[in-house]
Amino acid sequence: MKVNLDINNRIYKTYIDADEALLSVLRKLGYKSVKKGCDTGACGVCSVLIDGKPTLSCQFLAARAEGHKITTVEGLGKDADEIVDAIVSEGADQCGYCGPSLVLTTYAMKKELKDPTIEKIKHYLAGNLCRCSGFEGQLRGIKRYMGVK
Amino acid sequence: MRFEKIVKPKNFETALKILKDDPDSVILGGTTFLRLSDKKYSTAIDLADLDLDYIIENEDNIEIGAYTSLRTIEKDTIINKHFGDLLPKAVEHIIGVQFRNNAKIGGAVFGRLGFSEIITALLVLDCELQFEENGIVPFAEFVSNWKIKRDILKKIVIKKKPGKCLYKMLRTSDADFPILSVAVSNFDEIKISVGTRPSIAKLSQEASRMINSDNSKIIEASNLIVKEFTFGDDMRASGKYREKIAPVLVSRALQEVLS
Ligand SMILES: Cc1cc2nc3c(=O)[nH]c(=O)nc-3n(C[C@H](O)[C@H](O)[C@H](O)COP(=O)(O)OP(=O)(O)OC[C@H]3O[C@@H](n4cnc5c(N)ncnc54)[C@H](O)[C@@H]3O)c2cc1C
Ligand code: FES
Ligand code: FES
């Protein structure tokens, strides 16, 4: 079926299978920052923003994405750089596989949490699994980015 | 889950007709659970054009549309005002924000999953479901009998009542499935529900009767839970372990609602 997808403010006219996940379509369109991990909704590495809300693209049907604004980390521009700098300055990333989803979720969290605390940050990021780092370094960087002591 | 085509009906009559005429059709929620199965369907029915994403308060009830996301429920102030953190606590550990932004209450209820925390919580509220074909069905009846297999869930209607309610669970890590879930309310009377045993949540009869007849019998009523329910094994915990945990969670919950 034919769909029009708004990805990072660019309209793509593309053909998809009716049951195809948004994750698969994004990767075919070249958005390789969107990773495939568990493909069951448990790890978070496939996260994108749909109308600004973090959403698992492995579970979201591409056919339902029409009419919504999809944002990948490529679409965040300078905001992504700021978050990446905060994480990297703590020496936190190892393989980097979880990085794009963590950056996107952190970006959405900053907009959503009016009064961030360390507990709220941890809770918000509970769905972002990192297989190598042990989370502490990333958390230090993100805490600083969120303005939490 | 595989399917050949996806349709977006413009009204409930059309959606129900497709569901009834084609035994291989399926209603889509957020597809978080549907996607895990290998099942092949012919037609996927997307209810997105039927305005099912809302939480409204009227004089007697709170109504939650079937396409309301678990994340919306977690953050909603109307729900919070009337039922405290019962519902937020029952959903806030389901994977992460990204998951809950997409999973919908309709799917969480209609899926009737054994480990469903929202079912444990809704059981202690005075709650009904509204279906397109079957009309209004009490929530506890829907959960305990499997008569309704193919219908469209439109909304969940919860009666507003003064009183207290709360949810407790045990899980080994944040985004894992729970090992046990318990909800207790004290509106007209005390209700206790126990879920993830690992089978689907159920309301207590005997322990509730005991605590309603004598509010001081918290320990006795909590211990009765072990006799009243069966607890089974799964990869997260043994039935024996659940038997030890259940009275602890129930007695803590009873103490809090009675305080
Ligand atoms: C990895 C993972 C971890 C999970 N962990 C937990 C947990 O810790 N605690 C917990 O309580 N739950 C947990 N769940 C279950 C989760 O809550 C459900 O997957 C989710 O709520 C289902 O919602 P959905 O909108 O995605 O439904 P779907 O998967 O789309 O649908 C589920 C079922 O409901 C039907 N359906 C959906 N909407 C309607 C409607 N309006 N009318 C009629 N039928 C309908 C569908 O046809 C399907 O049969 C987990 C699930 C996954 C995949
Ligand atoms: S790939 Fe989507 S949650 Fe793991
Ligand atoms: S740095 Fe390797 S998965 Fe996070």
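Quantities reported herein were computed from a predicted structural model and do not represent experimental measurements. The chains referred to below are lettered A, B, ... by the order of the sequence lines, with proteins before strands, and numbering in each begins at 1.
When the shell of 6.0 Å around OH of A/Tyr12 is examined, it contains more than 12 heavy atoms from other residues, nucleotides or ligands. Within a 6.0 Å radius of CZ in B/Arg252, other residues, nucleotides and ligands contribute 12 heavy atoms or fewer. Other residues, nucleotides and ligands contribute over 12 non-hydrogen atoms within 6.0 Å of the NZ atom of A/Lys110. Dense packing is recorded around CG of B/Asp21, with more than 12 heavy atoms of other residues, nucleotides or ligands lying under 6.0 Å away. Annotation for B/Lys20: atom NZ counts as buried by contact number, over 12 foreign heavy atoms lying within 6.0 Å. Residue B/Lys89 qualifies as open at atom NZ: its count of foreign heavy atoms under 6.0 Å is 12 or below.
Here A/Glu112 pairs with B/Arg71 in a salt bridge; the nearest charged N to carboxylate O distance falls below 4.0 Å.
Within the 4.5 Å cutoff, the side chain of A/Leu61 has heavy atoms near those of the B/Phe3 side chain. Between B/Ile6 and A/Met1, the closest side-chain pair of non-hydrogen atoms falls below 4.5 Å. Side-chain atoms of A/Lys53 and B/Asn102, non-hydrogen and from C-beta on, never get closer than 4.5 Å to each other. Looking only at side-chain heavy atoms (C-beta outward), B/Asp174 and A/Lys122 stay at 4.5 Å or farther from each other.
Considering only heavy-atom pairs separated by less than 4.5 Å from chain A, the leading option among B/Lys75, B/Arg2, B/His93 is B/Arg2.
For B/Phe131, the ring-ring contact (aromatic ring centres under 6.0 Å, His included) partners are B/Phe142, not counting sequence neighbours. Legend: residues meeting salt bridge (charged side-chain N to carboxylate O under 4.0 Å, His left out) with B/Lys40, ordered by chain and number and at least two apart, are absent. Annotation: side-chain contact (heavy atoms from CB on, under 4.5 Å) contacts of A/Cys98 (sequence neighbours excluded): A/Val45, A/Cys130, A/Gln138.
At a heavy-atom cut-off of under 4.5 Å, chain A is reached by no residue from residues 103-112 of chain B.
Contacts between B/Lys8 and chain A at a heavy-atom distance below 4.5 Å are absent for every atom of the residue. Contact of B/Leu36 with chain A is made through the side chain alone, with heavy-atom distances under 4.5 Å. Residue A/Ser101 does not touch chain B at all, counting heavy-atom pairs closer than 4.5 Å. For a residue to count as touching a neighbouring chain, one of its non-hydrogen atoms must lie under 4.5 Å from one of that chain's; by this rule B/Leu34 does not touch chain A. With a 4.5 angstrom heavy-atom cutoff, B/Glu4 touches chain A only via backbone atoms.
Checked by atom type and distance alone, the side chain of B/Asn101 pairs as donor or acceptor with a backbone atom of A/Pro54 at under 3.5 Å. Side chain of A/Thr55 to main chain of B/Gln98: no donor-acceptor pair is present (N/O by atom type, distance under 3.5 Å, no hydrogens or angles). At least one donor-acceptor pair under 3.5 Å links the side chain of B/Arg35 to the backbone N or O of A/Cys58.
The shortest heavy-atom contact between B/Ala175 and A/Ala126 is CB-O, 4.3 Å.
Put simply, NZ on B/Lys5 and CG on A/Asp19 are 13.5 Å apart, with the number rounded to the nearest 0.5 Å.
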